[in-house]
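Any value given below was found using the heavy atoms of this structure, including those in side chains, with hydrogens, waters and symmetry copies removed.
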Amino acid sequence: MVLAVAPVAQTDAGQLLTFLVQIGVFLGAALLLGQLARRVGLPGIVGELSAGVLLGPSLLGVVAPGAFARLIPGGHAPLLDGVGQFGVLLLVGVTGAHLDLTVVRRHRWAVCCVGTGGLVLPLAFGVVTGLILPAALLGPGVDRTVFAAFLGVALCVSAIPVIGSTLLELRLLHRDIGQLIITAAAVEDVVGWLLLSVVGAMATTGVAAGHLGTAVGSLALVLVATVALRPVVNRSLRWAARKTEPGVSVVVTVLLVVLAAAGTQAVGLEPVLGAFLCGILIGSSGWLEPTRLAPLRTFVLAVLAPLFFATAGLRTDLGALARPPVAAAAGLVLVVAVVGKFAGAYLGGRLARLRPWPALALGAGLNARGVIEVIIAMVGLRLGVFSPAMYTVVVLVAIGTSVMAPPMLRYTTRRIPVTDQEQA
């Protein structure tokens with residue numbers, strides 16, 4: 001029996017060539033602009049997002065529309081989007097695997113106060129702001145309550161990767177205030193992913209009591225499944241640890257993260273929640289040495305994450321800011337985001353009996369939203385909750401708050417005395 005092999009269609013070959021060119025152009029631009037941002041003291045994500053903005057409709061689409069049409073045919077890049085989504089799942093999983101839960105336990109009262117204040121107040125501010133923003137910023141046909149809830153979640157989160165790199169650059173990670181900032185951000189991340197899954201389910205099923213109950217029930221099912229998944233994760237990693245090839249641990253980790261993401265997607269929740277919870281299980285298992293994950297972490301942070309941020313910037317249309325209602329909304333949301341996070345973290349710090357300057361430093365550190373807010377904005381755009389203009393507003397807030405973090409941290413931490421233990 002002879003099997004006839006169909007020739008590759010010319011359109012398929014053209015799509016492959018376009019995809020390869022997109023990878024090269026976007027990754028190269030993200031690398032160069034990310035390095036430039038770091039050289040001038042900004043987080044790398046600012047440059048990586050700017051790569052997509054420059055190559056998108058905001059600049060390239062205006063200056064050279066023909067080149068933009070050839071680079072992004074039809075204004076869409078589905079293959080590049082797929083790589084970006086895969087990258088963000090691994091980024092979230094690796095982030096969860098590097099959380100130090102022992103620090104959370106050691107500072108549990110302060111973390112509880114700061115995390116609660118840094119979550120609740122910006123969440124409430126964001127919901128109220130979402131209720132008063134112009135209807136033009138909502139996705140088509142979306143319920144105003146769902147939109148407000150999504151905006152509240154976007155404003156209440158913090159970004160561990162941006163915060164961690166900022167603390168490292170400022171040499172604050174070894175200090176008590178640095179440890180408190182990073183652990184409070186970890187708690188906010190966990191709660192933020194849970195809230196994102198709930199509001200994401202609300203966006204797809206509605207806000208009726210029965211639908212909301214289904215979303216909460218699905219979330220409870222995922223939490224129970226996470227506990228049941230721990231033995232599977234431990235056995236898998238224990239088996240991988242016996243292998244001499246380091247690549248086995250990387251493959252097992254990727255498999256666990258992707259399957260966990262598929263599980264939460266299957267029950268109607270966001271896949272990033274499953275990836276994050278699985279990452280926490282991997283990091284707390286005790287069977288995986290950090291050096292085994294080093295190749296995966298390097299590839300994710302150096303290749304996949306910049307590609308995701310570049311594609312996220314591609315959807316940012318700065319031309320929307322030329323419309324006065326959108327520009328006013330951007331200013332309002334930025335002010336609400338900064339004030340809400342600073343006030344919440346400061347009040348939480350004071351409740352934990354911290355002095356004023358450490359409490360202010362907590363607000364300065366937790367104010368950086370970077371990676372996490374961009375992911376939430378992408379989810380909101382994909383679900384139709386955010387209009388393209390509102391997506392641009394949220395991404396700009398993520399960039400703005402990330403840019404503010406280093407100078408604000410420098411200013412506040414200079415006024416916090418170094419203890420003898422920190423000096424040692």
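- A donor-acceptor contact shorter than 3.5 Å is absent between the side chain of Tyr346 and the backbone of Gly117.
- Within the 4.5 Å cutoff, the side chain of Leu351 has no heavy atoms near those of the Thr116 side chain.
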- Message: Evaluate Ile177 against Leu354 for side-chain contact (heavy atoms from CB on, under 4.5 Å), listing each step before the verdict.
- Response: CA-CA 10 Å; Ile177 188 64; Leu354 297 178; 5.5 Å; no

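- Nearest heavy atoms, Arg369 versus Ala337: NH2-O, 2.8 Å.
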- Go through Thr401 and Leu334 one step at a time and tell me if the side-chain contact (heavy atoms from CB on, under 4.5 Å) criterion holds. CA-CA 8 Å; Thr401 53; Leu334 178 60; 4.2 Å; yes

- Message: Quick one, Phe386 with Phe147, criterion ring-ring contact (aromatic ring centres under 6.0 Å, His included). Give me CA distance, side-chain angles, the key distance, then yes/no.
- Response: CA-CA 7 Å; Phe386 290 160; Phe147 173 82; 5.7 Å; yes

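- Distance check: Thr413 OG1 to Leu409 CG gives 6.0 Å after rounding to the nearest 0.5 Å.
- Between Ile23 and Leu80 there is a side-chain heavy-atom pair separated by less than 4.5 Å.
- Contact check for Phe26 versus Pro306: no side-chain heavy atoms found under the 4.5 Å cut-off.
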- Item | Worked verdict on Thr253 versus Arg297 for side-chain contact (heavy atoms from CB on, under 4.5 Å) | CA-CA 11 Å; Thr253 299; Arg297 185 176 184 274; over 6 Å; no

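- Taken from CG in Leu273 to CG in Leu195, the straight-line distance is 10.5 Å, to the nearest 0.5 Å.
- Residues Leu89 and Val272 are in side-chain contact: their nearest non-hydrogen atoms beyond the backbone lie under 4.5 Å apart.
- Here the closest heavy-atom approach between residue Ala148 and residue Leu131 is recorded as CB-CD2, 3.8 Å.
- A cation-pi arrangement is present between Arg415 and Tyr411, with the terminal nitrogen or guanidinium carbon under 6.0 Å from the aromatic centre and inside a 45° cone about the axis.
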- Derivation of the side-chain contact (heavy atoms from CB on, under 4.5 Å) call for Leu91 and Leu304: CA-CA 8 Å; Leu91 174 64; Leu304 294 181; over 6 Å; no

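- Remark: Arg355 CZ is loosely packed, at most 12 non-hydrogen atoms of other residues, nucleotides or ligands lying under 6.0 Å away.
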- Task: For the pair Glu270 and Arg382, evaluate salt bridge (charged side-chain N to carboxylate O under 4.0 Å, His left out) and give the outcome as yes or no after the intermediate values.
- Result: CA-CA 11 Å; Glu270 283 302 313; Arg382 175 172 58 82; 2.7 Å; yes

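- In this structure a side-chain-to-backbone donor-acceptor pair under 3.5 Å is present from Thr392 to Asp317.
- A pairwise comparison of heavy atoms in Ala343 and Leu121 identifies CB-CD2, 3.6 Å as the closest pair.
- A heavy-atom distance below 4.5 Å is found between the side chains of Leu137 and Val326.
- When all heavy atoms of Gln15 and Leu79 are compared, the pair lying nearest together is O-CD1, 4.3 Å.
- In this structure, Pro134 and Met390 have side chains that are not in contact, with every pair of non-hydrogen atoms separated by 4.5 Å or more.
- Between Ile72 atom CD1 and Thr18 atom OG1 the span is 9.0 Å, to the nearest 0.5 Å.
- Looking only at distances, a side-chain donor or acceptor of Ser58 sits under 3.5 Å from a matching main-chain atom of Leu318.
- For the pair Ile280/Val190, a side-chain contact is recorded, criterion being any heavy-atom separation below 4.5 Å from C-beta on.
- The line from CG of Leu60 to CG of Leu314 is 9.5 Å long, rounded to the nearest 0.5 Å.
- One finds the CG atom of Leu396 at 10.0 Å from the CD atom of Glu373 (value rounded to the nearest 0.5 Å).
- Nearest heavy atom pair, residue Cys156 against residue Leu123, reads CB-N, 3.8 Å.
- A distance-only check finds a donor-acceptor pair linking the side chain of Arg175 to the backbone of Ile416 [under 3.5 Å].
- Rounding to the nearest 0.5 Å places OG1 of Thr311 at 11.0 Å from CD of Glu48.
- By the 4.5 Å heavy-atom criterion applied to side chains, Leu237 and Leu256 are counted as neighbours.
- Of all heavy-atom pairs between Asn367 and Met404, the closest is ND2-SD, 3.8 Å.
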